[in-house]
Amino acid sequence: MGSPVGQKKGSNMDELRYQVDLLSAMNQRLTNDERMYRLLCNTSSNAFLYVNFVDNVVRTLGSWDFFFPEVVIRDMKDLAKLYSQVEDKYVLPLRDLIYLEKKEMNSDSGIVRLKDERTWVECETEILYDETGKATDKVIRFKDISKFKNQNEELTYMAYYDVLTGLYNRNYFVRLLADFVRKASDANDIVAVMFVDIDDFRKINDGFGIVVGDEIVQQFGQLMADFQGENILVSHFNADIYCIAIYDPGGNHTVEHVYKKIREKIKDPFQLSNGQELGISVSVGVAEYPEAARTTLELINCAEIVMFKAKGQGKNTIKYFDAPILNEFLQNVSIETKLKGAVFDQNFIMNFQPQYYADTQKLRGMEALIRWRDNDGKMISPSVFIPIAEKNGAIVPIGTWVIEESIKTFVKWKKQFQHEVVLSINISAIQYMRDEFVESIVNIIHKYDVDPKELELEITESVLMENFKEVTEKLYVLREYGIRISLDDFGTGYSSLSYIKGLPIDTLKIDKSFIDTIITDENTRIITESIIYMVKKLGFETIAEGVETQEQFSYLKEIGCDCIQGFLLGKPMPAEEMEELLRIQIG
Ligand code: C2E
Ligand code: CA
Ligand code: CA
């Protein structure tokens with residue numbers, strides 16, 4: 001047994017050894033922990049800044065070099081080097097994040113941008129407090145969020161701007177215009193909206209391809225961007241539509257001035273990247289607050305309606321809002337709504353107007369003309385509803401009905417009277433453009449067993465010229481079946497005699513506008529006479545439309561016009577009356 005001292009000594013030694021072992025075990029654990037934390041930090045794509053306020057210690061960990069390659073931080077003073085890396089306006093927020101103690105908050109965050117102008121960094125802090133509530137330790141984590149942030153910026157850009165042209169997009173324009181209108185309402189000012197539409201854009205797209213179309217949209221957009229200013233907003237709505245708003249138009253910022261500038265800018269053709277050159281024209285509709293409308297959207301709508309009016313008047317022009325334009329439009333809208341029902345209910349009937357040979361005054365044929373009695377019993381003229389039906393597509397079912405109904409009636413009469421007259425049917429551009437058009441006509445000929453020689457399809461001059469290639473190809477095929485083709489409203493469109501020479505047509509209908517003044521106007525007489533002379537030489541038959549007086553009739557007969565159609569010899573009439581007329585004249 002050892003002495004108590006020795007014993008004591010021994011136990012002291014043990015205690016010491018124990019303490020040392022404990023310490024070294026703890027140390028080992030700390031080292032291991034530190035290694036683990038360091039590894040963890042280093043594998044992270046984030047950078048960390050550790051700050052110990054008690055001992056004034058700072059350390060950097062993780063991907064520090066990725067964010068701040070040249071910034072070595074050893075003590076608190078070095079933090080200035082860190083601030084020098086971020087954009088000026090983010091220095092204070094970052095300092096606050098590092099130093100500020102927000103009581104009862106264990107974490108905080110903020111976003112800063114580095115001076116490279118590219119890198120966006122999210123800073124998140126974790127804080128430890130002592131028992132008195134004082135912050136002792138803080139870790140700031142730096143996370144690269146540039147990708148997200150830049151994407152976000154792109155999204156923000158796309159929310160306000162149109163990517164193709166860089167102009168305001170429609171939504172943002174509407175918002176800014178609403179501000180204009182509010183301001184103008186307070187200050188009793190005017191806001192003008194110009195609705196600008198590239199003419200014949202569909203043809204550019206169809207004829208040259210959408211890449212060229214896009215290039216035109218872009219180049220024109222760039223020209224339009226020049227107008228952008230404090231009191232002028234320029235936007236690209238979509239496709240070929242642009243909208244300009246002018247606050248308190250005056251001085252150099254009048255609508256007239258902007259329009260003049262636009263025209264100057266597009267005077268020269270655009271140079272396309274494929275080396276081609278392409279010229280454009282635009283139609284512009286103008287509506288002003290408060291005259292035309294009191295709300296933003298109504299104002300834009302009005303300008304659009306006026307723009308359509310400008311298109312209707314031959315394009316390449318500007319038109320200003322006036323009340324009749326709006327009334328006409330509203331009436332058309334109600335017709336359009338009714339038209340949908342009418343197609344469904346088939347509220348249509350066919351009328352027939354006789355055509356006579358000028359010399360013998362025998363019946364040459366009849367033109368089928370549609371009539372529409374709407375549900376209130378009101379007659380609506382085809383010159384009003386046919387253009388609307390052409391726009392909304394209703395012309396397709398209506399046109400099919402016209403062809404079938406008039407041929408059915410015509411064939412019934414043929415069986416009854418064995419007549420040899422011609423049935424003329426008006427065919428709209430939309431119908432001619434449809435792929436199955438020729439086939440559908442051929443099918444109907446077979447179905448009703450009609451002699452193709454007795455069937456004449458009318459096409460207006462302007463339709464033919466606008467879709468020249470496609471339509472003439474179809475006309476040739478139809479004529480091979482023996483169907484006659486008649487050029488309607490001659491003289492109102494391109495009226496060049498030289499081009500009709502090669503066209504697949506049999507008959508030429510001289511427009512009523514010539515007949516109207518043929519007696520009173522020397523020039524009209526000269527033109528009509530030479531038309532008839534030339535047309536007959538080319539081998540076409542001529543029909544004068546809208547002949548109302550005996551005087552007109554006699555004169556037309558004298559200058560060699562083949563056939564006469566008009567109120568003088570017979571108005572358009574319902575089938576029963578036409579049947580009666582056939583019975584008297586042929587039966
Ligand atoms: P359009 O093809 O030029 O038809 C001739 C128009 O002149 C008809 O008007 C006819 O009633 C009118 N008219 C004939 N003789 C005289 C006259 O002596 N004096 C006057 N003042 N007018 C006369 P309507 O029937 O109102 O048709 C107008 C237009 O509507 C037609 O002009 C044609 O473009 C279109 N249309 C009529 N029916 C159809 C149809 O079934 N299909 C298509 N696609 N269009 C049609
Ligand atoms: Ca006609
Ligand atoms: Ca006509």
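Keep in mind the model is a prediction, meaning the values are calculated, not measured. These numbers come from the heavy atoms of this one structure, side chains and all, not from hydrogens, waters or symmetry mates. Whatever order the structure lists ligands and atoms in, that order sets their numbers, starting from 1.
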Q: Where does the angle between the aromatic ring planes of Phe195 and Phe237 fall among parallel (under 30°), tilted (30 to 60°) and perpendicular (over 60°)?
A: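 The arrangement is perpendicular - the two ring planes meet at more than 60°.
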Q: Establish whether atom 18 (O) of ligand 1 and some protein heavy atom are separated by less than 4.0 angstrom.
A: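 It does; a protein heavy atom is within 4.0 Å.
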Q: Are Glu473 and Lys469 within salt-bridge range, i.e. N to O under 4.0 Å?
A: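 Lys469 and Glu473: salt-bridged.
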Q: Are any N, O or S atoms from Glu458 nearer to the Ca ion (ligand 2) than 3.0 Å?
A: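 So Glu458 counts as coordinating the Ca ion (ligand 2), yes.
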Q: Of all N, O or S atoms in Asp488, identify the one at the shortest distance from the Ca ion (ligand 3).
A: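 In Asp488, the heteroatom (N, O or S) nearest the Ca ion (ligand 3) is OD1.
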Q: In Asp489, what N, O or S atom is nearest to the Ca ion (ligand 3), if we give its atom name?
A: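 Considering only N, O and S atoms, Asp489 comes nearest to the Ca ion (ligand 3) through OD1.
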Q: Output, in order, the C-alpha distance, side-chain angles, deciding distance and verdict of ring pair (Phe, Tyr, Trp, His ring centres under 6.0 Å) for Phe410 and His419.
A: CA-CA 10 Å; Phe410 183 77; His419 56 60; 5.2 Å; yes
Q: Under 3.0 Å from the Ca ion (ligand 2), is there an N/O/S atom belonging to Ser486?
A: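 Checking the Ca ion (ligand 2) against Ser486, no N, O or S atom falls under 3.0 Å.
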Q: Charged N to carboxylate O under 4.0 angstrom, Glu456 versus Arg364?
A: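 Looking at Glu456 and Arg364, the cut-off is met.
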Q: Of the backbone and side-chain N, O or S atoms of Glu545, does one lie nearer to the Ca ion (ligand 2) than 3.0 Å?
A: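 No, since none of the N, O or S atoms of Glu545 sits under 3.0 Å from the Ca ion (ligand 2).
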Q: Under 4.0 Å between a Lys/Arg side-chain N and an Asp/Glu carboxylate O for Lys408 and Glu405?
A: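 Salt bridge present between Lys408 and Glu405.
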Q: Specify the protein heavy atom at minimum distance from atom 22 (N) of ligand 1: its residue, its atom name, and the distance to 0.1 Å.
A: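 For atom 22 (N) of ligand 1, the nearest protein heavy atom is Phe567 CZ, 3.4 Å.
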